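Take a look at the structure below.
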Amino acid sequence: MTAVPATAREWHLVARPNGWPTAEDVALREVPVPEPAPGSVLVRNLHFSVDPYMRGRMNDAKSYVPPFGLDKPMEGGAVGEVVASAAEGLAVGDHVLHNLGWREYAEVPAAQAVKVDGTLAPLSAYLGVLGMTGLTAYAGLFRTASFKEGDAVFVSGAAGAVGSQVGQLARIKGASRVIGSAGSDDKVRLLVEEYGFDAAFNYKDGPVAEQLQKAAPEGIDVYFDNVGGDHLEAAIAALNVHGRVTLCGMIAQYNDTTPPPGPRNLGFAIGKRLRLQGVLVSDHLDLQPQFVSDVAGWLASGELKYKETVAEGIENGFDAFLGLLRGDNTGKMVVSLGR
Ligand code: NAP
């Protein structure tokens, strides 16, 4: 184990972005590394997560999570090693999942740290396929969309962390057809050739509605929305009677400076008796044991595959976040801090 240094680095939000975040909105600062207070542990972070929802936390707006404070470290999922403990039940050397990412060292109250086993899966998997994005896919498809065998499923952002898992879970559970959209030809190939999607298209190649119509001539029963905008409108047009939409994210709009227009064809929802429902992963923590058991099984059998895009070094954390918003990632975007 390396000695604990006197100071370490962390990313602070220093200004609220207007539109796309820029390097002027954040600062990588050197701060003292604390001794853990009673009931807490000091964690050396090994991997932290950058996620689209963090863009919302940079705004000073009321939401389901509070905004990041200015001149304070940003937060988010992280896994690391306990290097000092003042808490019962957590010992030096334990690996834990917690929510104080964006920093090299974190003082974490034991109640907010969950022990994870690095021998069962790579530690970074607890941020993705076995973690928050994986549970979002699982709950959003099986519970929110009431997926059932034989459904035709369309998912956007399909080569990303949530989307790639949604499409594969649908395939594993007997979807009649799985269709995905993504932003590059390489991603589209991955979906069909490695993840077993029946059809996929590059949404940059032409209107989504036309490409979806070709990919799903019989229509779709479930749309898992990670993108919003023209994707949602195209899906509403393609949905069959009693279709269901999981509203998971609208990444196409997160950096907009004016309110985006709504889908122009929402009226179809009446005649088709559609159900559009939002999902928040934090509402579905009760599914965690079933989710972990199912997903670990499918990973072990090779039925479920996943990829990560890894940025090395805390200094590259903010660029990794911007890259995620731009689509540089395939699968979960993770920042690794090395050993
Ligand atoms: P991700 O899909 O791994 O990464 C984001 C992806 O979005 C990028 O790789 C990019 O892929 C795509 N993208 C960016 N701009 C786009 C645009 N204008 N149009 C279409 N696609 C665009 O991220 P994730 O963590 O899995 O999250 C996916 C979605 O789920 C996000 O909307 C996120 O906010 C949401 N989410 C919701 C919850 C919840 O509880 N509701 C939890 C987790 C995530 P391309 O190359 O394909 O463009």
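Along the sequence shown, residues carry numbers from 1. Bear in mind that the values here come from a model prediction, so they are computed numbers and not experimental data. In what follows, every heavy atom counts, from backbone to side chain, and hydrogens, waters and symmetry copies are set aside. First listed ligand is number 1; within each ligand, the first listed atom is number 1.
Between Asn316 and Val335 the shortest side-chain heavy-atom distance does not fall below 4.5 Å. Looking only at side-chain heavy atoms (C-beta outward), Ile251 and Leu325 come within less than 4.5 Å of each other. In this structure, the side chains of Trp11 and Arg29 stay at 4.5 Å or more apart for every pair of heavy atoms. Put simply, the side chain of Tyr105 does not reach to within 4.5 Å of the side chain of Val31, judged on heavy atoms.
Residue Val227 places no N or O, backbone or side chain, under 3.5 Å from any N or O of ligand 1. In terms of polar-atom proximity, defined here as any N/O pair under 3.5 Å, Tyr203 does make such a contact with ligand 1. Between Lys187 and ligand 1, an N or O atom pair is found at a separation short of 3.5 Å. The shortest N or O to N or O distance between Leu280 and ligand 1 is not under 3.5 Å. For Ala161, a nitrogen or oxygen atom sits less than 3.5 Å from a nitrogen or oxygen atom of ligand 1, counting backbone and side chain alike.
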Would Arg16 and Leu70 count as a side chain to side chain contact (heavy atoms under 4.5 Å, CB included) here? Give the steps. CA-CA 8 Å; Arg16 302 219 176 266; Leu70 287 180; 3.9 Å; yes

Between Glu104 and Arg9, does the salt bridge (Lys or Arg N to Asp or Glu O under 4.0 Å) criterion hold? Intermediate values first, please. CA-CA 6 Å; Glu104 290 175 304; Arg9 292 169 295 172; 3.1 Å; yes

Under the criterion side-chain hydrogen bond (donor to acceptor under 3.5 Å, both in side chains), I'd like the reasoning laid out for Tyr223 against Asp225: C-alpha separation, chi angles, the key distance, then a yes or no. CA-CA 6 Å; Tyr223 172 48; Asp225 191 16; 2.5 Å; yes

Are Arg275 and Ser146 close enough, and set up right, to give a side-chain hydrogen bond (donor to acceptor under 3.5 Å, both in side chains), and what steps lead you there? CA-CA 10 Å; Arg275 193 179 81 207; Ser146 310; 2.9 Å; yes

Verdict with reasoning, Tyr138 to Gln290, per side chain to side chain contact (heavy atoms under 4.5 Å, CB included): CA-CA 10 Å; Tyr138 189 94; Gln290 188 64 46; 3.2 Å; yes

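Under 4.0 angstrom from ligand 1, the non-hydrogen atoms of Val162 come from both its backbone and its side chain.
Counting only non-hydrogen atoms, the option in Pro52, Gly157, Gly163 that gets closest to atom 25 (O) of ligand 1 is Pro52. When the heavy atoms of Thr133, Leu324, Asp328 are ranked by distance to atom 8 (C) of ligand 1, first place goes to Leu324.
Atoms of ligand 1 found under 4.0 Å from any heavy atom of Ala252 (numbered from 1 in listed order, with element): 17 (C), 18 (N), 19 (N). Taking every non-hydrogen atom of Leu325 and a distance limit under 4.0 Å, the qualifying atoms of ligand 1 come out as 14 (C), 15 (N). Taking every heavy atom of Gly249 and a limit of under 4.0 angstrom, the matching atoms of ligand 1 come to 32 (O), 35 (C). Residue Met250 has at least one heavy-atom neighbour below 4.0 Å for each of these atoms of ligand 1: 32 (O). Close approach of ligand 1 to Ala182 is summarised as follows: ligand atoms under 4.0 Å from at least one heavy atom of the residue are 47 (O). Set against the non-hydrogen atoms of Gly160, the atoms of ligand 1 under 4.0 Å away are 1 (P), 2 (O), 3 (O).
Phe201 and His231 have parallel rings, their planes meeting at less than 30° on a 0 to 90° scale where 60° marks the start of perpendicular.
If you check which protein heavy atom lies closest to atom 34 (O) of ligand 1, you get Tyr254 OH, 2.7 Å. Atom 10 (C) of ligand 1 has Gly327 CA, 3.4 Å as its closest protein atom, hydrogens excluded (heavy atom only). In terms of protein heavy-atom proximity, atom 12 (C) of ligand 1 is closest to Ile251 CG2, 4.1 Å. When only non-hydrogen protein atoms are considered, atom 36 (N) of ligand 1 lies nearest to Cys248 SG, 3.6 Å. Nearest protein neighbour of atom 29 (C) of ligand 1, counting heavy atoms only, is Asn226 OD1, 3.4 Å. For atom 41 (N) of ligand 1, the nearest non-hydrogen atom of the protein is Val279 O, 2.7 Å. Scanning the protein heavy atoms around atom 40 (O) of ligand 1, the nearest turns out to be Val281 N, 2.8 Å. For atom 9 (O) of ligand 1, the nearest protein heavy atom (residue, atom name, distance) is Asn329 OD1, 2.5 Å.
Counted within 6.0 Å of CG on Asn59, heavy atoms from surrounding residues, nucleotides or ligands total more than 12; the atom is thus considered enclosed.
Ligand 1 lies less than 4.0 angstrom from a heavy atom belonging to Gly331. The shell of residues lying under 4.0 angstrom from ligand 1, judged by heavy atoms, includes Met132. The closest approach between a heavy atom of Ser184 and any atom of ligand 1 is not below 4.0 Å. Residue Gln253 places every heavy atom at 4.0 Å or more from ligand 1.
To the nearest 0.5 Å, the span separating OG on Ser181 from CG on Leu212 amounts to 8.5 Å. Separation of atoms NZ (Lys115) and CG (Asp94) is listed at 4.5 Å; rounding is to 0.5 Å.
With 3.5 Å as the limit, one finds a donor-acceptor pair spanning the side chains of Arg55 and Asn255. For the 3.5 Å distance criterion, the side chains of Asp117 and Thr119 qualify, holding a donor opposite an acceptor.
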